[in-house]
Amino acid sequence: MIAFAQPWALLVLAGIPAVVALHLLRRRLAPLPVSGLFLWGGRRALGQGGRTVSPLHRRRSLWLECLAVAIAALALADPHAPGARSTGHVSLVVDGHWRLQARDLGDSAWGRARIRAAAWAAALPRGTRLTVVASGPVPRLLAGPGAEPAAVAAAMGRFLPDAPRHDLAAAVDLARDLAPGAPVTVLSDRDPGIGDGLIATGRALATSGWAGAHRTADGTLWARAVADPALPPRPWRLVDADGAVRAAGVISADSGPVRLPAIAGAADLVLDGADPLTVDDRVRIPALDPDPVRVRIDLPAGTRLDAATRRAFTAAGAVLGPDGDVEISLGSASVAAGVWRLSLISGTGPAVAGPFAARSSHPLVAGIDTTGLVVAAPCAANPGEEVLWRAGTAAVLALRRHPGRAVEILLRGDWERSTWERHPAWPALAAALVQGRREARPGPRQPVLAPGRTGLAVVPAGQSARLYGAATMALVADAEGVAVVPPLTPGDWMMEAGDRRWPIRVDQLDPIQADLSAATTAMRAAAGLGSLAVERPASEAALWLVVLGLVLMAAWSARRREDGA
Amino acid sequence: MTADPEIRRLAARLRLVHDPRRATGAGAFLARGPGASLEFHDHRDYVAGDDPRHLDWSASARTGRPVVRRHRAEASPRLEVLLDASASMALTPAKARHAARLAELWLLLAEEAGARPALHLLGGAPGPGRPWRPLLDRYAPAGVPGHLPAPAPGAERVLISDGLCPDGPAPWVRRLGEGAAALHLLQVLDDQERDPAERGRVRLEDVEGGTMDLVMDGPAVAAYRLRLDRLRQAWHGALHGRGHVVDAPVGDPLVTARGAVAAGLLAWRGGR
């Protein structure tokens, strides 16, 4: 068996049909001696009529020219035995998408990929160096750079494709950076259209699975599933933390969102029945937050302002009480650590009407329309205040931060002449305040994370925090205590700060990745050997040249003789 | 080399014909130009140095100026055979052999008539042309007709050639006929030259140089025949008043002999 280090050069063999075509068009005229050439002058001379196709004469020049083309193709293709010593370097990029776990007839795309990759590595010329990179949100090196081909099987054995949707280009770029000039072969379940070679072991299959699940503010659960129209309906179950089935049903391709009963505790949403991809057949729903935002309202009892404020904060999901995370009162006052205070400060100036110039990027006022809102007698902001709504030079709404993550929101105006309590901006501001306060609490802001996506978490003041699950990592917070949660692998994670812990759940819900219709089995392994430099003595190249030169000379001589020159 | 028996037998049946208008006696010929015989040639004006005995007084009286009579020159009978030795004569071995046999026939007939035969090879080495037998034995056409023999005044010349001259016969006739009593052409052409067959796509290779790729079909052959006829007409025109053109197809010399008899160059012995 012969392998070629430069297989593209075999395209030169296309020159053989070209040689045959030239011989078909070649003038092969029987010579006829004459004594008066001038008597034939010019009548239908072939030189004026162009060449014509004639039956192919198997002359010596034809064979020699075809042989020369074949020798040139072989010499350029650099043939060698599979065991030939090579100085080449090749890279293998392993697709890390979890869809490669799809099983069919007891076999998975990943299992087939491991076998094919091992065979591919074994067929590489002896001495070839190898670099194996696994793709993912952050590509990582599995073997090499410059590992022995035997390391491929071991590297693949330690790897399981479970990455969320990502771009393979990052892994290919990493492979090219680690092994410059080495051809990159991609191992996947489909043809991603990048790299120099391809080993695809996928199969187009019909699947179904959960696409998403969430809980509304009132605790209602909603779920959505996707299913291939070719599949029969699949049953589902909602199982609470005690293992009791709280609801059940079936999903099909035309099923809409599924409303589930309100459950305060954690629950699992399970799809039953056979499916090639089981990764997205189960969703973990975390428990409802047991500690709502508490609000203490200290306004003149019975006034319109007091009643409207209570309605607005109750609608925002807050719990009203004698103490709380948020305090609302007239006039400015000191703020305790960890408390947000809304101070309603009276003024005496002229009335102004909205809309107000706003710092729309700030979460407290983002999206709130102040058109038609009349505020009487605002005044200018004080030093250290962050103005959120502005009317000319007057600061209608401002924010001031205090030590201990205490926040004071200053709302200025003459409450008897303003329209605060009747304008929709008031409940919107209350909702933003409750949401902001909730997010400022220690713990993850998103207890359910999408795979591959980052999240945010608040670290308690004066404490350090860490994440642990499939791995352990520290959380680094900014001055306001906000830390970035990096992309996490699917599963259960825990955020820990002091003696407190918060669960984080990462589920593989990605209907796009779960679509296996584009999966295929293909092989473009030749490109993987494209630029191998096989070790061979210089005399071998010289021998090729000598043989080619001799054949070309023989072909030229034969043609001269055949042409009668 | 002994004579071809067939040619010898043919020569025994033929004889050269002397033009009675040019005959002055047995074995004598009149030259084409003026000379000193008794045969009147023409008149011309007297110039200083002319022999006063040649003044024609009656003609001078009629014209009012001195006029002298000129008489035709008298030449000894002589026949020169000019055998084309160019490569075209060796197009086929039969063509070359046929040309050599015709030369031998004419030379034998000239010997028989006492006409002092000489043989010159056109394209061969120059020489006196006699004795002709060794020259004929060495006849091997291979060159181009570059050499022309020195003319023998008053000789009758027989050119044995295919007459295929790209630049026409006039230059040849002018040079070969200079000082000759007559110049005849035995045009030797083989069948392929006279009547070529259609052969389709061929590469024509002139034996004297040059090639041409050609579709040798009906129209091409017809055009060839037309050009060949024009060439032969040109030979007839060029030799008009000097001699005859005799067709000498390669093959039986008897055919050529009959043509020569018809043209009045030869005659059957015994008046046949």
Side-chain angles (χ1 to χ4, degrees), chain A residues 15-69 551-565, chain B residues 84 86-93 95-96 99 141 144-145 161-168 187-190 192-232 234 250:
Chain A
I16 290 181
V19 168
V20 173
L22 286 176
H23 274 257
L24 282 172
L25 295 173
R26 182 180 169 187
R27 288 179 186 154
R28 291 181 298 277
L29 305 178
L32 178 65
V34 295
S35 55
L37 190 64
F38 65 97
L39 294 176
W40 295 100
R43 169 96 188 165
R44 297 193 60 183
L46 290 182
Q48 299 167 356
R51 294 173 184 268
T52 55
V53 177
S54 305
L56 185 63
H57 289 197
R58 293 168 189 167
R59 299 184 178 187
R60 182 176 297 179
S61 64
L62 170 64
W63 298 120
L64 288 172
E65 288 166 11
C66 290
L67 180 61
V69 172
V551 172
L552 284 176
M553 286 181 61
W556 177 77
S557 175
R559 181 176 275 262
R560 293 262 302 172
R561 280 198 301 273
E562 290 161 7
D563 289 344
Chain B
D84 188 352
S86 65
S88 67
M89 294 302 290
L91 181 66
T92 62
K95 182 178 178 182
V144 293
S161 169
D162 53 16
L164 300 179
C165 315
D167 47 355
Q187 190 167 28
V188 180
L189 296 172
D190 72 2
Q192 182 58 28
E193 290 171 319
R194 294 159 56 85
D195 189 14
E198 299 177 18
R199 292 171 178 262
R201 288 183 291 273
V202 293
R203 169 167 289 182
L204 301 180
E205 297 176 344
D206 196 306
V207 292
E208 295 181 3
T211 61
M212 177 192 296
D213 294 340
L214 184 81
V215 180
M216 201 166 167
D217 54 5
V221 170
Y224 172 87
R225 290 177 182 146
L226 181 61
R227 291 192 184 91
L228 182 61
D229 285 343
R230 287 176 179 166
L231 181 65
R232 297 169 78 172
V250 172

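In what follows, chains are A, B, ... by sequence order, proteins preceding strands, each numbered from 1. Since this is a predicted model, take the numbers as computed values, not measurements.
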**Atom CZ of A:Arg60 with >12 non-hydrogen neighbours under 6.0 angstrom** =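 12 or below, so no.
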Can you tell me which portion of [X] sits under 4.5 Å from chain A's heavy atoms? Options are side chain, backbone, both or neither.
X: B:Thr92; value: neither
X: B:Leu231; value: side chain
X: B:Met89; value: neither

Nearest atoms (heavy-atom pairs only) where [X] meets [Y]:
X: B:Leu164; Y: A:Ser35; answer: CD1-OG, 3.1 Å
X: B:Arg199; Y: A:Leu32; answer: CD-CD2, 3.5 Å
X: A:Trp40; Y: B:Ala220; answer: CZ3-O, 3.7 Å

**Prompt:** Under the side-chain contact (heavy atoms from CB on, under 4.5 Å) criterion, do A:Val34 and B:Glu205 qualify, and how do the steps go?
**Reply:** CA-CA 6 Å; A:Val34 295; B:Glu205 297 176 344; over 6 Å; no
**Request:** Find the one option among B:Val207, B:Leu91, B:Leu204 whose heavy-atom pairs under 4.5 Å with chain A are most numerous.
**Result:** B:Leu204
**Asked** Would a distance-only check, ignoring hydrogens and angles, find a side-chain to backbone donor-acceptor pair under 3.5 Å from B:Arg203 to A:Pro31?
**Response** no
**Message:** How long is the straight-line distance from CE of B:Met212 back to CZ of A:Phe38, given to the nearest 0.5 Å?
**Reply:**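 That separation rounds to 11.0 Å.
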**salt bridge (Lys or Arg N to Asp or Glu O under 4.0 Å) against B:Arg230, all qualifying residues, sequence neighbours excluded** = none
